[in-house]
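Some notes on the structure that comes next.
As a basis for the values below, the full set of heavy atoms in this structure was taken, side chains included, without hydrogen atoms, waters or symmetry mates. Both counts, for ligands and for their atoms, begin at 1 and track the order of listing.
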Amino acid sequence: MAMYANIIIDISHEKLDKTFQYRIPAKLQGQLTVGMQVEVPFGNGASKRTGYVVELTDTAEYEISKLKEITEIVEGSIAIEVQLIALAAWMRKNYGATMNHALKTVLPIKQKREEKQQRLVCLALPKETAQEQLQLFEKKHNAARARLLSHLIEQNPLPYEEVTRKLNITASVIRVMEEMGILTISTKRTYRSPFGEMKQNGKRLILNQEQIQVVEHIWEDFTRGFFHTYLLCGVTGSGKTAVYIELIERVVKSGRQAIVLIPEIALTYQTVVRFYQRFGERVSILNSKMSQGERYDQFERAKNGALDVMIGPRSALFTPFSNLGIIIMDEEHETSYKSETIPRYHARETAIERARMAGASVVLGSATPSIDSYYNAQIGNYKLLTLEKRIEEKPLPRCYTIDLREELKQGNRSILSEKLQELMEQRLQDQQQTILFINRRGLAGFVSCRACGGVMKCPHCDVSLSQHNNGRLVCHYCGYTRQMPKVCPECDSPYISGFKAGTQKIEQIVQKRFPQAKVLRMDFDTTRNKGGHEKILSAFANHEADILVGTQMIVKGHDFPNVTLVGVLAADLSLHLSDYHAPERTFQLITQAAGRAGRGKLPGEVVIQTYSPDHYAIALAKKQDYRKFYETEIAYRELMHYPPCGHMLVMLAASRDEMTAYLSIELLAKKIRQAKESGRLLGLQMIGPAEASVAKVKDIYRKVLYFKHEDYSVLVQIKDVLEQFVNRHREFRDVVIQFDFDPMNGF
Ligand code: ADP
Ligand code: ZN
Ligand code: ZN
């Protein structure tokens, strides 16, 4: 039983790392849990303060006689912080991090900054009286007064600045009207509204039968106090967002709050408007371009009850709503839901844990659910709900696959196949739009043959080898390496090389082939500026261009009614990621890209160019057969013990000195090997050590070691053992050790 508790006294400061240790008195033994609010003596005068328990431990960090005792538990403490701190503790345990890192992820950090004061002009009369007064002013030709009053009747209150600048009303007119008792001036602390000048129009959609069924199902559970995790599997354009909005509205009416997670690249103006129209100023958004201060503002508003709905990427999950009722996670298959900084949490699992603590429902939505989630739905952890039809029964687009090997044989060396060129030509004639999509995510340097489509793979791991600058090919799982071959080992063709094609290059090729067309490009370079993203999207939506060339950013949740053709230029790029998720990513990207075609009145077509038309991920994406894809993929994962059929842990050792990194990871590998030999850790597989996929970053060398086990908790144990071992031994002082569970992007 824990003897000591680490406590933070003031959670709203940068000094979260400042914890104080207290002794747990006998009367409180066994009663304390992490997150609990307690009263403690503090400082020299030993005045009483409240704090939060962030850690329970058996190790005293100071001389025991100097430790003070916790006075008591603060009864009935319902502060939202209690839940968030408990969540941080859960994250620390399951993903590996210090408590400090976990707390910083979960609690908003207050920063000293100027509060923004805003002066408001408020109407002090009931509306009818104001109308009468307005008529009086008009009769008397008091133009300025009439102008201000009529605007105030429209919108109350008005910002003072707007009245003087936009309406051209002088301060003295305002003062006179204030003296007449028509208006008052108030100051209030303002929060920068993330919406700017957006207007609410209150238009609502009438849900169709399928949508209603989904809503009613979840709502019935909710009202009966059953808070499940639902997987809403709905084809692109089936109206998932409308379902979310309806559910949230009901939850909010019942007095509870909602969090909506959306991957940042899908968080477009279009989406935000839809929420704003229903919830007005009671909804807020977070995004990564916001400053810490802006973020803190939004969290404060949530805590003070000024908000019902928070929309944002991963971090919106930690919005301090005190009575959270539902968490929606749209595009739940997106890899950006996995954090790439410590703690490397997955927002899906963390959302489910937060919902469990709060007694809230979780809805995961996608047209192409992650294999993980679909598996969880199959084994009964989640409830599966579906939307099978597109809104207004719009047909799914027609798909063609083009075999690029055949194109080469026919003498076409362009990146645009004959079929694609032909269809693009048609679109230009018919004044319809085309999207060309290149999946850059795969550009990790795999090597393929343009004649037979073969890819150089690791003989031990079934992942693609990556080409390093020194020309050698390397496996990032096990460290296997080989020389770059001169000809393809399969077909002896000399056309074997690293696959490279950037958006800029494609833009040039397209422009050259179709000189009359207007081409837009959207990629990391063209969207770097604030708003660059929106600008390109809205230009394309307004048909200011015929063709949009882009990376995976363009395949997310946008609605372009005039797009009737989508070309996937090299579907294989993501197929050869050196990662077991490759087929899953490929299926998702093709399906999502295809989902952009034919969303308006006209039906759509999709051209998938590939070297491996028979690969199941591509063939099944072409047929839009998710079910079959899942079955094929899960069989493979079973066979390989990849998640979700088993779990993985990867440990990174990073050091400025390559030898140190190497020796440290060897030492840790040895420790686990010994434990295995002594018969413990049954069923554990250890793979490596090997170089990380990015072997060196800024002169820091990186080595990885993989573990696989059926049981997640065994991997947690391994992490704990290794972590403690590292903390206790001086050999590790010049090396940084990090953990990643069920890795998605790897180190
Ligand atoms: P998804 O999120 O499944 O891709 P959306 O919710 O974006 O689908 O819906 C696709 C389009 O259909 C949107 O333009 C939306 O406004 C419209 N829509 C959704 N539900 C309905 C409905 N019940 N009636 C009419 N239009 C709808
Ligand atoms: Zn070949
Ligand atoms: Zn290998």
Side-chain angles (χ1 to χ4, degrees), residues 201 203-215 231-249 260-263 266-278 311 328-334 363-369 385-397 403-406 408-409 446-457 484-497 499 541 555-563 572 576 588 591-601 604 611-612 624 626:
N201 74 1
K203 226 180 12 192
R204 347 172 38 110
L205 294 169
I206 313 283
L207 298 189
N208 65 27
Q209 206 47 44
E210 270 197 327
Q211 289 172 315
I212 289 173
Q213 265 177 17
V214 169
V215 169
L231 177 60
L232 176 57
C233 184
V235 297
T236 51
S238 59
K240 293 184 288 296
T241 311
V243 166
Y244 306 149
I245 291 178
E246 176 68 26
L247 273 171
I248 293 170
E249 182 158 47
V260 183
L261 302 178
I262 296 183
L267 188 59
T268 57
Y269 187 75
Q270 268 180 356
T271 318
V272 172
V273 168
R274 288 172 74 180
F275 282 88
Y276 186 79
Q277 284 182 345
R278 195 68 78 85
I311 308 177
I328 309 270
M329 185 174 198
D330 194 27
E331 311 279 357
E332 67 87 28
H333 61 274
E334 266 295 307
V363 179
L364 312 171
S366 175
T368 50
L385 301 170
T386 53
L387 293 173
E388 308 210 336
K389 293 199 273 296
R390 275 187 159 184
I391 291 297
E392 291 159 2
E393 316 238 346
K394 281 181 193 132
L396 285 167
D403 189 334
L404 288 174
R405 296 168 300 185
E406 290 300 320
L408 188 71
K409 268 192 209 151
F446 76 88
V447 169
S448 69
C449 166
R450 291 192 67 183
C452 75
V455 168
M456 299 297 298
K457 286 192 163 186
M484 170 81 187
K486 297 237 159 29
V487 295
C488 171
E490 296 293 324
C491 75
D492 288 336
S493 156
Y495 289 112
I496 184 161
S497 64
F499 197 110
V555 309
K556 304 296 167 197
H558 311 300
D559 227 348
F560 302 114
N562 202 37
V563 170
D572 305 69
H576 305 306
Q588 283 162 355
T591 312
Q592 298 282 346
R596 297 311 109 211
R599 289 173 76 94
K601 293 198 175 62
Y611 290 102
S612 10
Q624 311 244 318
Y626 178 81

* To do: Drop me the distance from Glu334's CD to Met329's CE, to the nearest 0.5 angstrom.
  => 9.5 Å

* **Side-chain donor/acceptor of Ser493 to backbone N/O of Tyr495, under 3.5 Å** => yes

* Answer with yes or no whether Arg390 contacts ligand 1, where contact means a heavy atom under 4.0 Å from a ligand atom. => no

* Asked: Out of curiosity, Ser366 OG to Leu232 CG, how far, rounded to the nearest 0.5 Å?
  -> 9.0 Å

* Counting heavy atoms not belonging to Glu406, are there more than 12 under 6.0 Å from its CD? -> yes

* For atom 22 (C) of ligand 1, what's the nearest protein heavy atom and its distance? -> Ile206 O, 3.5 Å

* Can you spot which of Glu331, His333, Glu332 makes a side chain to side chain contact (heavy atoms under 4.5 Å, CB included) with Pro263? => Glu331

* Could you check atom 2 (O) of ligand 1 against the protein and tell me its nearest heavy-atom contact, residue, atom and distance included? => Thr241 OG1, 3.2 Å

* Structure fact -> In this structure, atom 4 (O) of ligand 1 is nearest to the protein heavy atom Gly237 N, 2.9 Å

* Structure fact -> of all protein heavy atoms, closest to atom 11 (C) of ligand 1 is Asp559 OD2, 4.1 Å

* To do: Please confirm whether the backbone N or O of Gly234 pairs with a side-chain atom of Lys240, one donor and one acceptor, at under 3.5 Å?
  => yes

* Structure fact -> The closest protein heavy-atom partner of atom 20 (N) of ligand 1 is Gln211 NE2, 3.1 Å

* For Asn208, counting its heavy atoms only, list the atoms of ligand 1 lying under 4.0 Å from any of them. => 23 (N)

* Criterion side chain to side chain contact (heavy atoms under 4.5 Å, CB included) against Ile328, the qualifying member of Leu261, Val243, Ile248 -> Ile248

* Asked: What atoms of ligand 1 come closer than 4.0 angstrom to any heavy atom of Ala242?
  -> 6 (O), 20 (N)

* **Subset of ligand 1 atoms that lie under 4.0 Å from at least one heavy atom of Leu205** => 16 (O), 18 (N), 19 (C), 20 (N), 21 (C), 25 (C), 26 (N), 27 (C)

* Metal site angle (apex the Zn ion (ligand 2)), SG from Cys452 and SG from Cys449, 10 degrees -> 110°

* Structure fact -> The protein heavy atom nearest to atom 26 (N) of ligand 1 is Ile391 CG2, 3.6 Å

* Please write down residue, atom name and distance for the protein heavy atom closest to atom 8 (O) of ligand 1. => Gly239 N, 3.0 Å

* Does Arg278 use its side chain to pair, donor to acceptor, with the backbone of Arg274 at less than 3.5 Å? -> no

* Looking at atom 7 (O) of ligand 1, what's its closest protein heavy atom, distance included? -> Arg274 NH1, 3.0 Å

* So, the side chain of Glu246 versus the backbone of Val215: is there a donor-acceptor pair under 3.5 Å, distance only? -> no

* Strictly under 4.0 Å, does any heavy atom of Ser238 approach an atom of ligand 1? -> yes

